[in-house]
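Remember, predicted model here, so these are calculated numbers, not experimental data. Order of the sequence lines fixes the chain letters, A, B, ..., with proteins taken first and strands second; residue numbering starts at 1 for each chain.
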There are 2 protein chains.
Amino acid sequence: MFTLAEENYLKAIFHLENEFQGEISTNAIAESMETKPSSVTDMIQKLAEKKLLTYKRYKGVQLTGSGKKVAAGVIRKHRLWEVFLVEKLSFHWDEVHEIAEQLEHIQSEELIIRLDKFLGSPDFDPHGDPIPDKHGVLKRTEKKILSEIDKNQKGVCVGVKESSPEFLQYLDKKKISIGTKIYVLGKEFFDGSMIIQVGSEQFFISHKIAENLYVQTQE
Amino acid sequence: MFTLAEENYLKAIFHLENEFQGEISTNAIAESMETKPSSVTDMIQKLAEKKLLTYKRYKGVQLTGSGKKVAAGVIRKHRLWEVFLVEKLSFHWDEVHEIAEQLEHIQSEELIIRLDKFLGSPDFDPHGDPIPDKHGVLKRTEKKILSEIDKNQKGVCVGVKESSPEFLQYLDKKKISIGTKIYVLGKEFFDGSMIIQVGSEQFFISHKIAENLYVQTQE
DNA sequence: TTATATTTTTAGCCTTGTCTAAAAAAATTA
DNA sequence: TAATTTTTTTAGACAAGGCTAAAAATATAA
């Protein structure tokens, strides 16, 4: 079907389109993939020929319907494998990304159908990110960034924006994971830091932490 | 560590060494990998430089200790994944080879340690082939080819030599799988065909079938 | 608007792994 | 032993995917 490199480009562009809006620049792709802009130009020209994205010189790219579908398929596989690694093989949520990065390229429709069933057709991966369905459709969740929650409000942690091992390990130390209830006890306007309560513990978190945690507010 | 192509060559050579003995010819490798002898020469020169095998021009190759270890590691991964596919995802034994062919190249020590544990540290794959241990050591089993079993003797099917879907499907139709007891009721010297009993059924099998079934005779 | 800076593309080269065609070595046959 | 066939290697080419350096287009500043 598609080469490993092609799949990785499509995935990266898909993520960029969801993060920002409109067309995506060559440089943005290069940066997100840790490669050189000239390599990106080469590849997007190939992907444009295959109608996976539209591309005009100097004007950036935009995924076509089929490009989006391929990308969502890769992301579906990535996230299902992450669920497998955490739920079945007892990996910790900060250890699974690299392995899933490889597993996402295994080619077999049937494998993913069966893996999904085996895992009970999960809707979210261990970081709280939604798993695209078999048609590539992402369930949109009403999640907010913790830093946007007001004083005296509460939310349930539903995901993380950043998923570096360092950050995930910090969250573990503070006993924060998917499903954890967080109360905002105080908020400092000057630097965006917060005092929050998790379980029976109250502690301080910086703006940097608060802006990388997704919560769902309960009505 | 090693590239996909390197791993595949090492694996193919490892299998050839176990099947025949002594040094392995360029042509034999090319045939087993469905590639051209010139490509094989290129690759074995690279592998020789990396000390994964010894090679003298026109004299064939032989895996070194480390070459064998790498190959056994790949085979271990292949067979563990096959067990996973059959036991956990309910694949049929004739459907798993191609997928395992991809999964065997996933790089993660920890993944295999945990997968092995999750599967209950199996010793054999769904075709009855032994799974090398973490040091690359293969349990040798005392298996014979069914065609070598004498009249009025019985054996338990422990594996297959050939594992094409066609052959495995034939075996299914005849209700033969790993663990099935087989009685040799008659044997024709002219063409090597046999009359066997499986469960309550008695039927004829050709020499071609009999020479591709491994059985363990019971004493 | 012109000059400067940034972004993007092009051109050319490299590596991996493959191939075909031709040359060289080894094995076989007469 | 000489001639022929088979096997193996070498030489040269190609595609994928990456890189650097330079050119071209666009954006920004004076």
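Residues B/Glu188 and B/Met194 fail the side-chain proximity criterion, which asks for heavy atoms closer than 4.5 Å.
Stacking of B/Arg114 on the aromatic ring of A/Phe91 is recorded, both the 6.0 Å distance cut-off and the 45° axial limit being met. A cation-pi arrangement is present between A/Lys88 and A/Phe118, with the terminal nitrogen or guanidinium carbon under 6.0 Å from the aromatic centre and inside a 45° cone about the axis.
Per the geometry, CD belonging to A/Gln45 stands 14 Å off P belonging to D/dG17, to the nearest Å. In this entry the distance linking NZ of A/Lys50 with P of D/dA16 reads 8 Å, nearest Å. The nearest whole Å value for the distance from the NZ atom in B/Lys56 to the P atom in D/dT9 is 13 Å. Atoms CG (B/Leu47) and P (D/dT9) sit 13 Å apart, rounded to a whole Å. Between B/Glu23 atom CD and D/dT8 atom C1' the separation is 14 Å, expressed in whole Å. Rounded to whole Å, atom P of D/dA16 lies 17 Å from atom CG of A/Asn8.
Less than 4.0 Å separates DNA chain D from no heavy atom of any residue of residues 13-22 of chain A. Of all the residues in residues 66-74 of chain B, not one reaches under 4.0 Å from DNA chain C with any non-hydrogen atom.
Applying the 4.0 Å criterion to OP1 and OP2 of D/dT8, one finds that B/Asn27 has a side-chain N or O inside that range. Residue B/Thr26 places at least one side-chain N or O under 4.0 Å from the OP1 or OP2 atom of D/dT9.
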Mark up nucleotides 15-27 of chain C, 5' to 3', with B wherever a protein heavy atom is under 4.0 angstrom from a base atom, S wherever such an atom reaches only the sugar-phosphate, and - elsewhere.
-> --SBBB---BSS-

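In this model, no donor atom of one side chain and acceptor atom of the other lie less than 3.5 Å apart for B/Glu19 and B/His15. Side-chain polar atoms of B/Ser108 and B/Glu110 form no donor-acceptor pair below 3.5 angstrom. Side-chain polar atoms of A/Asp125 and A/His78 form no donor-acceptor pair below 3.5 angstrom. Judged purely by distance below 3.5 Å, without hydrogens or angles, the side chains of B/Glu7 and B/Gln107 pair a donor atom with an acceptor atom. At a cut-off of 3.5 Å, with distance as the only test, a side-chain donor of A/Asp191 or A/Ser193 sits close to an acceptor on the other residue. With no hydrogens or angles considered, a side-chain donor-acceptor pair links A/His127 and A/Glu82 at under 3.5 Å.
For A/Thr41, the listed nucleotide lying nearest its side chain is C/dT10; candidates were C/dT10, D/dT10, D/dT9.
Put simply, CG on A/Leu213 and CD1 on A/Ile196 are 7.5 Å apart, with the number rounded to the nearest 0.5 Å. Distance check, rounded to the nearest 0.5 Å: CD of B/Glu6 to OH of B/Tyr9 gives 10.5 Å.
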